[in-house]
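If you're wondering where the values come from, they're calculated on a predicted model, not measured in any experiment.
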Amino acid sequence: MKILAASIIKNAELFIESMITSISWVNQIVIYDDHSSDKTRSILSILSRRHNIPKLTLIEPLFQHSMINYLPNGSRDLQHEMKVRNTFLDFIFSNFKFDALVLIDGDELISRNLKPFIEKVVRDPFYNSIAITCNHIFDKNFYLHVYEAVWNGVLMVDPHVRVLTRFQKYQKGEYENVPDCFLKPTSKTLCLDGAYHYHLKYIKGLKQNNYAFRFLPRDLNDKVTKQYLRKYRFPFPNDLKSLIDNYLD
């Protein structure tokens, strides 16, 4: 069974080594560099030579403009973002051979504890994808509990389809006033709520001009300590704990 991981990244020098390390349990990693201008590419070059990192392939930008692009009115160009994401997905499915594709962003971690479920989905013809809760780390004691949703009878927090066994297109997000696109779950999506998927960009006190709160929507920034902070429901998985600790005070 071959598992491939793919990611679209831009200026991810703060997280890219941890992200790559977290998915070193896959067989191959394909990175689409979306016009990075920081040290991301040099870090990837170093990582590609490490014996404990699977084969790493870097894809040059397929479009003139970055995936996250803004219209003259200041709104996010979702049509362009979906075009970039879907073109990259089509490129992956057309040019690489694998049994399952793991999708991960440059500021995320995915635990190897997901691997048995990937094997289950590949072997069971009923399934064609996996959706998982996204655990947004805030500090040592609290995470951000946002966007609850029930998918296939499973209550998850900010769920994302992160594993595919066949091509599927991104579409406009389902949340009102949230400029995002996502992979829609189907009846054949295995949904998991647990300690598999972690998001790093909201961690309190990160360097780079208070990275966490630069990315928080204004209303979330105002309410974060009152409404969305919850104590962790799950302990950090063993394979990710040291990576996460590197970013915590």
Looking at residues at least two apart in the chain, or sitting in another chain, which of them share a side-chain hydrogen bond (donor to acceptor under 3.5 Å, both in side chains) with [X]?
X: Thr133; answer: Asp193
X: Ser22; answer: none
X: Asp105; answer: none
X: Arg49; answer: Ser45

Minimum heavy-atom separation for [X] and [Y], please, with both atom names.
X: Asp239; Y: Ser111; answer: OD1-OG, 2.9 Å
X: Val161; Y: Lys184; answer: CG2-C, 4.3 Å
X: Asn27; Y: Met1; answer: OD1-O, 3.5 Å
X: Leu78; Y: Lys172; answer: CD1-CG, 4.1 Å
X: Phe234; Y: Ala195; answer: CB-CB, 3.8 Å
X: Asp34; Y: Ile68; answer: OD2-N, 4.3 Å

Legend entry - salt bridge (charged side-chain N to carboxylate O under 4.0 Å, His left out) evaluation trace for Lys10 with Asp33: CA-CA 6 Å; Lys10 180 178 181 179; Asp33 178 55; over 6 Å; no
Measuring from atom [atom1] of [X] to atom [atom2] of [Y], what distance do you get when rounded to the nearest 0.5 angstrom?
X: Leu58; Y: Ser36; atom1: CG; atom2: OG; answer: 8.5 Å
X: Leu192; Y: Leu114; atom1: CG; atom2: CG; answer: 6.5 Å
X: Ile16; Y: Arg41; atom1: CD1; atom2: CZ; answer: 12.0 Å
X: Glu13; Y: Lys39; atom1: CD; atom2: NZ; answer: 6.0 Å
X: Leu62; Y: Met67; atom1: CG; atom2: CE; answer: 12.0 Å
X: Asn141; Y: Leu229; atom1: CG; atom2: CG; answer: 10.5 Å

Side chains of [X] and [Y]: does their closest heavy-atom pair fall under 4.5 Å?
X: Thr57; Y: Lys55; result: yes
X: Ile31; Y: Ile59; result: no
X: Lys115; Y: Ile3; result: yes
X: Lys201; Y: Ile203; result: no
X: Asn152; Y: Thr186; result: no
X: Phe182; Y: His160; result: no
X: Tyr147; Y: Cys134; result: no
X: Leu56; Y: Leu44; result: yes

Inset, instruction - Can you establish whether the number of heavy atoms outside Lys188 located under 6.0 Å from its atom NZ is more than 12? - result: yes
Inset, instruction - Any pair with a residue in residues 48-71 that passes ring-ring contact (aromatic ring centres under 6.0 Å, His included), sequence neighbours left out, goes on the list, sorted by first then second residue, please. - result: Phe63-His80
Inset, instruction - Among residues two or more places apart or on two chains, list those pairs meeting ring-ring contact (aromatic ring centres under 6.0 Å, His included) that have a residue in residues 24-47. - result: Tyr32-Phe88
Consider only side-chain heavy atoms of I, L, V, M, F, W and Y, link residues closer than 4.5 Å, and tell whether [X] and [Y] are in one cluster.
X: Val163; Y: Tyr198; value: no
X: Leu183; Y: Met156; value: yes
X: Ile110; Y: Met19; value: yes
X: Val102; Y: Ile29; value: yes
X: Leu71; Y: Met82; value: no

Legend entry - Set of residues satisfying side chain to side chain contact (heavy atoms under 4.5 Å, CB included) with respect to Ser37, sequence neighbours excluded: Asn11
Legend entry - Non-neighbouring partners of Thr21 that pass side chain to side chain contact (heavy atoms under 4.5 Å, CB included), sequence neighbours left out: Glu17, Leu243
Inset, instruction - Let me see the working for Glu108 and Arg162 under salt bridge (charged side-chain N to carboxylate O under 4.0 Å, His left out), right down to the final yes or no. - result: CA-CA 11 Å; Glu108 297 178 340; Arg162 279 295 192 245; 2.9 Å; yes
Legend entry - His199 side chain to Asn135 side chain, donor-acceptor N/O pair below 3.5 angstrom: no
Inset, instruction - With sequence neighbours excluded, tell me which residues meet salt bridge (charged side-chain N to carboxylate O under 4.0 Å, His left out) with Glu81. - result: Arg76, Arg85
Inset, instruction - Would you please name every residue forming a salt bridge (charged side-chain N to carboxylate O under 4.0 Å, His left out) with Arg112, sequence neighbours left out? - result: none
Inset, instruction - For Tyr232 and Ile137, indicate whether the former's side chain and the latter's backbone hold a donor-acceptor pair under 3.5 Å. - result: no
Hey, would you say the [X] and [Y] ring centroids sit under 6.0 Å apart?
X: Tyr228; Y: Phe138; answer: no
X: Tyr143; Y: Tyr202; answer: no
X: Tyr196; Y: Phe117; answer: yes

Donor-acceptor contacts, no H, no angles, side chain residues 90-101, under 3.5 Å, sequence neighbours left out:
{"from": "Ser94", "atom 1": "OG", "to": "Asp90", "atom 2": "O", "distance (Å)": "2.8"}
{"from": "Asn95", "atom 1": "ND2", "to": "Phe91", "atom 2": "O", "distance (Å)": "2.8"}
{"from": "Asp99", "atom 1": "OD2", "to": "Lys2", "atom 2": "N", "distance (Å)": "2.6"}

Inset, instruction - Take Tyr170 and Leu103, measure what side-chain contact (heavy atoms from CB on, under 4.5 Å) needs, and give me the verdict at the end. - result: CA-CA 12 Å; Tyr170 279 87; Leu103 299 169; 3.7 Å; yes
List, one per line, each side-chain donor-acceptor pair under 3.5 Å for residues 120-132, sequence neighbours excluded.
{"from": "Asp124", "atom 1": "OD1", "to": "Phe126", "atom 2": "N", "distance (Å)": "3.0"}
{"from": "Ser129", "atom 1": "OG", "to": "Thr189", "atom 2": "OG1", "distance (Å)": "2.7"}

